[in-house]
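The chain is numbered in sequence order, starting from 1.
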Amino acid sequence: MRRRAVLKAAGLAALLAGAGSGAAVRGAGVASANPLWNALFQAWVPEIFAPLPDPPEHSEAIVIGSGFGAAVTALRLAEAGVQNTVLERGSRWPNDPWREIFTGDDLPDGRGFWHRTSFTGVTKVPMPFSDFGGVLDVTEFAGIDVWRGAAVGGGSIVFTGAMVAPPKHLFDSVFGGIVDYDELDRVYYPRVRDMLRLSTMPPDIYNSVPFTHSRVWDQQVRAAGYEPQANDSIFNWDVLRAELAGNSRSSATAARSNLGNSNGAKFDLNQNYLRYAEGTGRSAIFPGHRVDSIAQDANGKYVVSVTKLAPAGQVLATRTLTCDRLFLGAGSVGTSELLVRAQATGALPQLNEHIGDGWGTNGDVVLARAESSLAGVGSGVPSASRIADESGMPLTLENWYVPGIPVDTGAIASLGIALDPTRARFGFDAARNAVGLSWPRGAQNAVVDACRAVDHRIAERAGSIVDYTPIGYDANAAFTAHPLGGAVLGQATDANGRVIGHPGLYVMDGAGIPGSTGTVNPSLTITALAERNIEAIIRAGR
């Protein structure tokens, strides 16, 4: 560990001294990373530099992506006897209790981000680093930044682990009867909870020093008249216990989550759905394969154009694959981009007018209030609890750790999730061959104002000793970690994700959800809907 720290310090010094200050040299489709950093990455995580296998030319089914919806799809297809190929642009990262596989928010390097050279997060402090194929893609659209996973396991690698079912009345207001909430609640939410071993934070973890902020958060909301509700979480509490006992490098107890947990503290999809799918012998996962476009040929087979990428971004090969059935699980942005481009270029000419519609941010906003006394708050990651408020715009506030700050600032952070009715539409810019959207500033301001009003009320009633609003930490980042929509169920697809106009093409991820999951994190609902939809597809044989 000492050698590791010295190497990182040496690399950082060279970087800051101008040895390639992070910028990659790009040309003719090739990315050339900073050679010093690339050598360090290869020394630290050699597994992702191993030769990449090639997927078959033709598959019975191809699944694009490896996040929650895609992982469910791969497993259930395999269990039904359908041989399937999973294509993932990112690397397959290992876990180790002592190595620093992933980087941290406080001083990130290229392992943290998908081919960019700087990041300004919720702290407003810009961080430079070398270009690399890291785990978090930050896609910048007009008015909003979108955070999404770029690794085998998708969003399960980079999320904060809370998996919560929405209130029925808010879910129904979003889905308008297309999905039966009672069926999800009776069958599919419990199935996912069992598969992912979800549970609330146990007392010994809750009462430990790193989770002082969780206890203070709960005390403050109670002082304001709210009763906190415990959150189900995907974290493996035994790994956190190992951290607390000194039997593992600190990760989930030390503000590590958004850029991955090196020791496997999250029970991510590599440890369940994806592993089980591969265990059947009928599902194979291919990292480093970016899908650039999709089409359908005259014989009805789907055509998938892929680029094989090295971890540093070098193009190793380009290929065209085919399949009988194509399942889109690249996330709201990835799936929508593929469909919108295919429609605009005529590659999928029968797509209907709803392709690209219904996109929303799930009402995400970051907030901070201060502790009520100078005692320190800790930096444990899993979210212990949440509150709901429907006095204005319906919303929840979840207890959150403070990402990106290596010292204890006394901040009590929250993730606000509001029921924002605003929806945007993806469009295609032929001149740039790019898919984009524009998010209205007024919509983001309304969400911020609604969440901030509740948070300020709590701060006043709980006697918070600092107001973070003037210094800009409170609600400062226009971002979403929960993009939803673009190929909405019951509009671009039928009620089970079958894309209208193109039999054998399916949407299995957050693109099918109309912009919101009713004031809660969407991961549980995305996974449950994938379970519901793939079951219906397999049962019907189409």
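Defined by atom type and a distance below 3.5 Å, a donor-acceptor pair is present between the side-chain atoms of Asn231 and Arg386. A donor atom on one side chain and an acceptor atom on the other are found under 3.5 Å apart for Thr525 and Tyr189. Tyr188 and Asn533 share no side-chain donor-acceptor pair at under 3.5 Å. In this structure, a donor-acceptor pair under 3.5 Å is present between the side chains of Thr139 and Asp137.
Between the side chain of Asp297 and the backbone N or O of Tyr302, no donor-acceptor pair lies under 3.5 Å. Remark: the backbone N or O of Asn362 is not paired with any side-chain donor or acceptor of Thr517 at under 3.5 angstrom.
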_For a ring pair (Phe, Tyr, Trp, His ring centres under 6.0 Å) check, start with the C-alpha distance between Phe235 and Phe267, then their side-chain angles and the critical distance, and finish with the verdict._
CA-CA 6 Å; Phe235 275 92; Phe267 188 55; over 10 Å; no
*Could you walk me through whether Trp359 and Phe426 pass the side chain to side chain contact (heavy atoms under 4.5 Å, CB included) test, one step at a time?*
CA-CA 8 Å; Trp359 190 85; Phe426 286 98; 3.4 Å; yes
*Begin with the C-alpha distance, continue with both residues' side-chain angles, and end with the deciding distance and a verdict on side chain to side chain donor-acceptor pair (under 3.5 Å) for Ser383 and Asn399.*
CA-CA 5 Å; Ser383 175; Asn399 168 229; 5.0 Å; no
*Could you walk me through whether Ile294 and Leu339 pass side chain to side chain contact (heavy atoms under 4.5 Å, CB included), step by step?*
CA-CA 8 Å; Ile294 58 175; Leu339 289 171; 4.3 Å; yes
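How far NE2 of His482 is from CH2 of Trp147: 10.0 Å, rounded to the nearest 0.5 Å.
Residues Val365 and Phe479 fail the side-chain proximity criterion, which asks for heavy atoms closer than 4.5 Å. Residues Tyr273 and Val192 are in side-chain contact: their nearest non-hydrogen atoms beyond the backbone lie under 4.5 Å apart. Within the 4.5 Å cutoff, side-chain heavy atoms of Arg532 are placed close to those of Asn496.
For Arg425 and Glu353, the salt-bridge test fails: no basic side-chain N is under 4.0 Å from an acidic carboxylate O.
Residues passing the ring pair (Phe, Tyr, Trp, His ring centres under 6.0 Å) test with Trp114, sequence neighbours excluded: none. In terms of the side chain to side chain donor-acceptor pair (under 3.5 Å) criterion, Ser516 has no residue partners (sequence neighbours excluded).
When each of Leu52, Val86, Thr85 is tested with Phe286 by the rule side-chain contact (heavy atoms from CB on, under 4.5 Å), just one qualifies, namely Thr85.
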